[in-house]
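Order of listing sets the numbers, starting from 1, for every ligand and every atom in it. No hydrogens, no waters, no symmetry mates; every other heavy atom, side chains included, goes into these values.
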Amino acid sequence: MGQFRAADLLRRKPVGQVVAEGGEHLPDEGLHRSIGLFQLTMLGVGATIGTGIFVALTTAVPAAGPAVVVSFVIAGITAALTALCYAELASTIPVSGSSYSYAYATLGEFVAFLVGACLLLEYAVSASAIAVGWGQYLNEMFSDLIGWRMPDAIAKAPGAGGVFNLPAVVLVGACLILLLRGVKESVTVNAVLVVLKLLVLLFFVVIAFSGFQAHNLTPFAPMGVAGIGAAASSIFFSYIGIDAVSTAGDEVKDPRRTLPLGIILSLLIVTGVYILVALAAVGAQPWTAFAGQEAGLAVILRNLTGQAWTSLILCVGAIISIFSITLVVMYGQTRILYAMSRDGLLPKVFQRVNPKTQSPDLNTWIVAAFIALLAAFVPLDTLVNLTSMGTLIAFAIVSLGVILLRRTQPDLPRGYRVPLYPVVPVLSVGFCGYLIYGLPLDTWILFAAWGAAACAIYFGYSVRKSKLATA
Ligand SMILES: NC(=[NH2+])NCCC[C@H](N)C(=O)O
């Protein structure tokens, strides 16, 4: 243990040790390298397309107008740049644990801990946001099926005109039960769901394009460049998840080649689909019609066709596929906390595993309770923006990590190197900064409070209990 020294903040975990520990995060994970490029791409697309594209237009189009299509391109470029940086680190340090492990190996323990705190936004808080979006489509489905919808009081958070968001909590509870039973989404189930998601979005694109009216695209950018930037910041949420590809490091065949390819392929598919959806949507109704539209894509279809079944198909597809992403993201969160606890930075409760189901029970309960509380009482926009904030900071740190590792350990074998070094990591940091700048003030304030709480835990607990301190 010993005394606290400032140098402790910079202590790094040797890359070799990080890699060697890979695969022992949870007892049920072996080192079976069985995932190939196709499955990996499915994993990336599956972890990325969630609530985002189904709800983002409601706030993004009023901010940017039809130029929201440009915002999607900007957010997509940011995701691509950061994903390339991720790919280099993933191919150098091919382990689970994601940016937390990378930061531990490159920027030292303190930054790694802060990245862990950002990941809590990227996973837990995003799971809350996803659950809230799910509830919107559930309610829309009720409306299509039986002409009834839940009253706002039990379907919305206080800041959004309700009291308590029941559907979101029900979803989190269902995922909790599955996770406690040790259910993990299988690779096959994921692949089926990805196809379902893509089909549903394609269905939207085809019908919405049939009602395309060119005059809806004018004025193209009524809110100017600032509006396009602000919309890009809030849209970024929908691109989060591609880094999930790099968290599968342990189980991928030929990871140094497959990881970067999987990231890039997933991104191309996701960006293409998003831009098509956005273009079809802004062509189908005037940009002023988007504000406040809940379960927006379903409503657009019903308004356009006058047929409830079109909306119903979209709702059912969204409900099934968003259910699964909640499970995946909650699972990811428990695994990150597990890794931080194993390193001694968080209390041991996070690694206690139920011998029967092999799942970290208490960890899962804590995660689910946290996610359910946020989902019940915090409005969707706040959750979405806070998620983007945390993720963008973590991504910027990963990009810096690429530069740092090239300098400190130039000879480490790298299966993949970002092209045009150092342009790509520098641009990546720049784009992240631009999107962070576009987030609203209240998000900044919440994030500052979050950071302060993380520092309190680090200095009050982790700095003394760290494995690197006690080793
Ligand atoms: N860590 C994650 N994979 N979070 C999920 C992010 C949300 C996802 N991009 C969506 O549109 O709903």
Side-chain angles (χ1 to χ4, degrees), residues 42-60 72 75-76 78-80 82-83 86 96-100 115-137 168 171-172 175 185 190 193-194 197-198 200-201 232-248 263 266-267 269-271 273-274 277-278 295-297 317-337 367 371 374-375 380-381 383-395 398 435:
M42 286 296 189
L43 188 80
V45 176
T48 304
I49 303 182
T51 283
I53 188 63
F54 290 95
V55 301
L57 297 172
T58 310
T59 44
F72 271 100
T78 312
T82 54
Y86 246 96
S96 303
S98 192
S99 36
Y100 162 73
V115 169
C118 288
L119 287 178
L120 207 71
L121 301 176
E122 184 186 340
Y123 283 78
V125 177
S126 80
S128 308
I130 295 169
V132 174
W134 184 83
Q136 290 185 4
Y137 277 87
L171 173 64
V172 176
C175 290
E185 190 188 67
N190 177 59
L193 289 172
V194 168
K197 270 187 241 202
L198 294 177
V200 165
L201 289 173
S233 300
S234 70
I235 283 169
F236 183 73
F237 176 85
S238 7
Y239 285 96
I240 298 171
I242 301 207
D243 52 302
V245 167
S246 64
T247 62
I263 290 176
S266 316
L267 193 90
I269 295 173
V270 169
T271 311
V273 170
Y274 285 1
V277 169
L297 299 191
I319 289 167
I320 297 174
S321 57
I322 299 174
F323 183 96
S324 81
I325 200 172
T326 316
L327 191 71
V328 173
V329 174
M330 280 175 72
Y331 173 80
Q333 180 63 72
T334 57
R335 167 192 280 219
I336 290 163
L337 293 174
V367 166
I371 293 172
L374 289 180
L380 183 60
D381 286 354
L383 294 171
V384 165
N385 287 335
L386 205 54
T387 303
S388 295
M389 179 68 124
T391 312
L392 285 164
I393 302 249
F395 283 6
V398 164
L435 293 190

Notebook entry, point to check: Does an N or O from Phe237, backbone or side chain, lie closer than 3.5 Å to an N or O of ligand 1?
Noted result: yes
Next item on the list: For Ser238 and Phe54, run side chain to side chain contact (heavy atoms under 4.5 Å, CB included): C-alpha distance rounded to whole Å, both residues' side-chain angles, the deciding distance at 0.1 Å, then the answer.
Entry: CA-CA 9 Å; Ser238 7; Phe54 290 95; over 6 Å; no
Item checked: Enumerated ligand 1 atoms positioned under 4.0 Å from heavy atoms of Gly241 -> 3 (N)
Next item on the list: Please test Leu57 against Phe72 for side chain to side chain contact (heavy atoms under 4.5 Å, CB included), starting from the C-alpha separation and ending with a verdict.
Entry: CA-CA 10 Å; Leu57 297 172; Phe72 271 100; 3.8 Å; yes
Notebook entry, point to check: Out of Ser233, Ser234, Ser388, which residue meets the side chain to side chain contact (heavy atoms under 4.5 Å, CB included) rule with Leu435?
Noted result: Ser233
Notebook entry, point to check: Looking at Val55, Leu383, Leu374, Leu171, which hits side chain to side chain contact (heavy atoms under 4.5 Å, CB included) with Val132?
Noted result: Leu383
Check: Shortest non-hydrogen contact from Val172 to Ala131?
Finding: CG2-CB, 4.1 Å
Checklist line | Subset of ligand 1 atoms that lie under 4.0 Å from at least one heavy atom of Gly50 | finding: 10 (C), 11 (O), 12 (O)
Notebook entry, point to check: Is there a donor in the side chain of Tyr239 and an acceptor in the side chain of Thr78, or the other way round, less than 3.5 Å apart?
Noted result: no
Notebook entry, point to check: Which residue supplies the protein heavy atom nearest to atom 6 (C) of ligand 1, what is that atom called, and how far is it?
Noted result: Ile240 O, 3.4 Å
Next item on the list: Starting from atom 1 (N) of ligand 1, find the nearest protein heavy-atom neighbour and note its residue, name and distance.
Entry: Glu122 O, 3.2 Å
Margin query: Show the atoms of ligand 1 that are less than 4.0 angstrom away from any heavy atom in Thr48.
Written below: 8 (C), 9 (N), 10 (C), 11 (O)
Notebook entry, point to check: Which residues pass the ring pair (Phe, Tyr, Trp, His ring centres under 6.0 Å) test with Phe237, sequence neighbours left out?
Noted result: none
Next item on the list: Would you please test Lys197 and Val273 for side chain to side chain contact (heavy atoms under 4.5 Å, CB included) and show each step?
Entry: CA-CA 10 Å; Lys197 270 187 241 202; Val273 170; over 6 Å; no
Item checked: Residue, atom name and distance, where the atom is the protein heavy atom closest to atom 12 (O) of ligand 1 -> Thr51 N, 2.7 Å
Note to self: I'd like to check which ligand 1 atoms, numbered from 1 as shown, lie under 4.0 Å from a non-hydrogen atom of Val329.
What the structure shows: 2 (C), 3 (N), 4 (N), 5 (C)
Check: Which atoms from ligand 1 have a heavy atom of Ser238 less than 4.0 Å away?
Finding: 9 (N), 11 (O)
Notebook entry, point to check: Closest non-hydrogen protein atom to atom 11 (O) of ligand 1, residue and atom name please, with distance?
Noted result: Gly52 N, 2.9 Å
Checklist line | Protein residue, atom and distance nearest to atom 4 (N) of ligand 1, heavy-atom basis | finding: Ser126 OG, 3.1 Å
